[in-house]
Amino acid sequence: MSLELISQNKVAGGWLKRYRHQASSLNCDMVFAIFLPPQAEEQSVPFLYWLSGLTCTDENFTQKAGAFKAAAELGLALVCPDTSPRGTELPGEHDSYDFGSGAGFYVNATAAPWNAHYQMYSYVSEELPALVEAQFPFNGKRAISGHSMGGHGALICALKNPERYSSVSAFAPISNPTDCPWGEKALAGYLGEDRSIWQQWDASILIRRSREGLKLPLLVDQGTDDQFLAEQLKPEALAAACTSADYPLQLRMQPGYDHSYFFISSFIDDHLRFHAEHLR
C-alpha cells in the first residue's frame with residue numbers, strides 16, 4: 001500500500017514523519033504520524049501505538065506530549081493515528097464534539113450510516129499496524145497507550161488481543177463507557193440501542209471476563225482535578241474489575257492534575273519507560 005509523505009521533522013536525533021494513505025477498513029484517506037528513533041537507522045525497534053482522545057488528531061500528541069527525547073533514548077518508535085475517519089461527510093458527522101468527526105471511539109460501527117466508515121477498531125488494531133510494521137524497521141514487539149477516549153481504545157485493543165501487545169497504559173481513560181454519558185452516546189450511535197452489544201467495548205466488563213486469559217501489565221495515570229473524573233472516566237470501575245479478576249493494574253491518582261496535555265507531558269516519560277521495560 002502506498003504512503004504519501006506529508007511532512008518530516010528531525011527531533012531528538014530521530015525523525016517525526018506524517019503520512020497519508022488510503023484506509024480500506026474506513027473507506028477514506030487517513031493521516032498518521034510515526035516517530036522513528038535514531039536507532040531505527042541501523043536496526044529494527046519496538047513500536048508503541050498512541051491513541052488520542054475526543055476532538056484530537058495525530059498532531060495533539062506529537063506537538064504537546066514532549067515524548068520524543070525519552071522515546072529516542074529508549075529506542076521506541078511511536079505510531080499516532082487519527083481519531084476518526086475523515087472526509088466522509090455523513091449526515092450529522094460534525095454536529096457535536098463527542099460523536100462523529102474526531103470521536104470514532106475505536107469501535108467497529110454496526111449501525112447505518114456509520115458502519116460504512118467508522119471501523120476504527122479494525123483500523124488501529126489491524127490495518128494500520130500491518131501497514132507500518134511492513135514499511136518501517138519493526139522488531140516484532142508492540143505496546144499500546146492512549147488518553148481519554150484513546151485510553152479506552154488502548155484498553156480495548158489490548159484486552160481483545162493480549163497476545164499482540166507486551167503492555168498497555170492509559171491517561172485518564174474512559175474506563176466504563178457503558179455507564180457514562182460519552183460512552184452511552186457513542187455506543188448507541190455506532191452500535192444501536194442493544195446494551196448487551198455495548199459490553200464488548202467496555203474495558204471494565206472485559207477485564208472481569210479475563211480471569212483465565214493472558215493478562216498484560218497495565219499502568220493508568222489519572223489526575224484528581226480532572227473535570228471529567230466522576231461523570232465520564234470512572235477509574236474506580238476499572239480498579240474494581242481488576243481486583244475481581246486479579247488483573248495487574250497500577251493505578252496512580254495524581255494530585256492536582258487535570259485532563260489536559262499538561263498532565264500527559266508530566267508523566268509520559270514514566271509510561272515510555274514502563275513500556276520499554278516490558279518490550280525488552
Side-chain angles (χ1 to χ4, degrees), residues 11-12 14 16 32-37 39 45-54 56 58-81 83 106 124-125 129 139 141-159 161-162 164-175 203 207 215-226 228-229 233 235 238-239 242 247-280:
V11 55
L16 175 65
F32 70 90
I34 182 168
F35 170 70
L36 296 168
Q39 296 88 335
V45 296
F47 282 22
L48 174 63
Y49 290 85
W50 173 269
L51 306 184
S52 289
L54 289 168
C56 291
D58 62 286
E59 292 187 294
N60 295 76
F61 179 81
T62 59
Q63 294 179 4
K64 298 179 180 180
F68 300 126
K69 184 176 181 181
E73 293 172 354
L74 296 166
L76 286 176
L78 306 176
V79 181
C80 306
T83 54
Y106 304 104
V124 299
S125 67
N139 75 352
K141 296 181 179 180
R142 65 181 75 82
I144 192 163
S145 185
H147 171 230
S148 193
M149 179 186 72
H152 146 77
L155 291 170
I156 292 301
C157 289
L159 291 166
N161 308 277
R164 289 180 56 83
Y165 302 98
S166 297
S167 50
V168 55
S169 75
F171 289 83
I174 301 172
S175 298
I207 283 175
K215 299 173 182 178
L216 298 176
L218 169 58
L219 171 64
V220 173
D221 272 319
Q222 173 64 63
T224 62
D225 284 15
D226 190 319
F228 305 114
L229 176 57
L233 305 178
L238 184 69
C242 288
Y247 203 97
L249 167 66
Q250 183 182 5
L251 173 61
R252 308 192 307 183
M253 301 300 295
Q254 303 291 2
Y257 285 91
D258 59 19
H259 199 69
S260 72
Y261 267 85
F262 295 111
F263 165 52
I264 295 170
S265 66
S266 298
F267 299 102
I268 189 64
D269 288 5
D270 290 354
H271 285 242
L272 296 180
R273 294 189 184 102
F274 166 80
H275 289 296
E277 177 182 349
H278 294 289
L279 287 163
R280 295 191 187 100

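Just so it is clear, the structure is predicted and the values come from calculations on it, not from any experiment.
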[X] vs [Y] side-chain heavy atoms within contact, under 4.5 Å:
X: V168; Y: I144; value: yes
X: L16; Y: F68; value: yes
X: S175; Y: L233; value: no
X: K141; Y: R280; value: no
X: H278; Y: Y165; value: no
X: L76; Y: L279; value: yes
X: F274; Y: P217; value: yes
X: Y106; Y: L51; value: yes

Whether the side chain of [X] engages the backbone of [Y] through a donor-acceptor N/O pair (distance < 3.5 Å, no angle test) should be reported.
X: N161; Y: C157; result: yes
X: S260; Y: F262; result: yes
X: S145; Y: S169; result: yes
X: R252; Y: V220; result: no
X: T83; Y: L54; result: no
X: Q39; Y: A72; result: yes
X: Y247; Y: L238; result: no

For the residue pair [X] and [Y], what are the closest heavy atoms and their distance?
X: G66; Y: D269; result: O-OD1, 4.2 Å
X: R164; Y: S125; result: NH2-O, 3.2 Å
X: I156; Y: A203; result: CD1-N, 3.8 Å
X: L229; Y: G223; result: CD2-O, 4.0 Å
X: P37; Y: A71; result: CB-O, 4.1 Å
X: G256; Y: T224; result: N-OG1, 2.9 Å

Gap separating the [atom1] atom of [X] from the [atom2] atom of [Y], nearest 0.5 angstrom:
X: I34; Y: C80; atom1: CD1; atom2: SG; answer: 9.0 Å
X: I207; Y: L218; atom1: CD1; atom2: CG; answer: 6.0 Å
X: L219; Y: L249; atom1: CG; atom2: CG; answer: 8.5 Å
X: W50; Y: F35; atom1: CH2; atom2: CZ; answer: 15.5 Å
X: L272; Y: L78; atom1: CG; atom2: CG; answer: 6.5 Å

* **Distance-only side-chain donor-acceptor flag, S166 / H275, under 3.5 Å** => no

* Structure fact -> side-chain contact (heavy atoms from CB on, under 4.5 Å) test vs F171 passes for just one of H259, H271, Q222, namely H271

* To do: Over 60° means perpendicular and under 30° means parallel, so classify the ring planes of Y49 and F47, tilted if in between.
  => tilted

* Do the rings of F267 and F263 sit parallel, tilted or perpendicular, given the 30° and 60° boundaries? -> perpendicular

* To do: Apply side chain to side chain contact (heavy atoms under 4.5 Å, CB included) to the pair Y257 and D226, showing each step before the final yes or no.
  => CA-CA 6 Å; Y257 285 91; D226 190 319; over 6 Å; no

* Residue pair R142, L48: steps toward the side chain to side chain contact (heavy atoms under 4.5 Å, CB included) verdict -> CA-CA 6 Å; R142 65 181 75 82; L48 174 63; over 6 Å; no

* **From CA spacing to verdict: side-chain hydrogen bond (donor to acceptor under 3.5 Å, both in side chains), H147, S52** => CA-CA 5 Å; H147 171 230; S52 289; over 6 Å; no

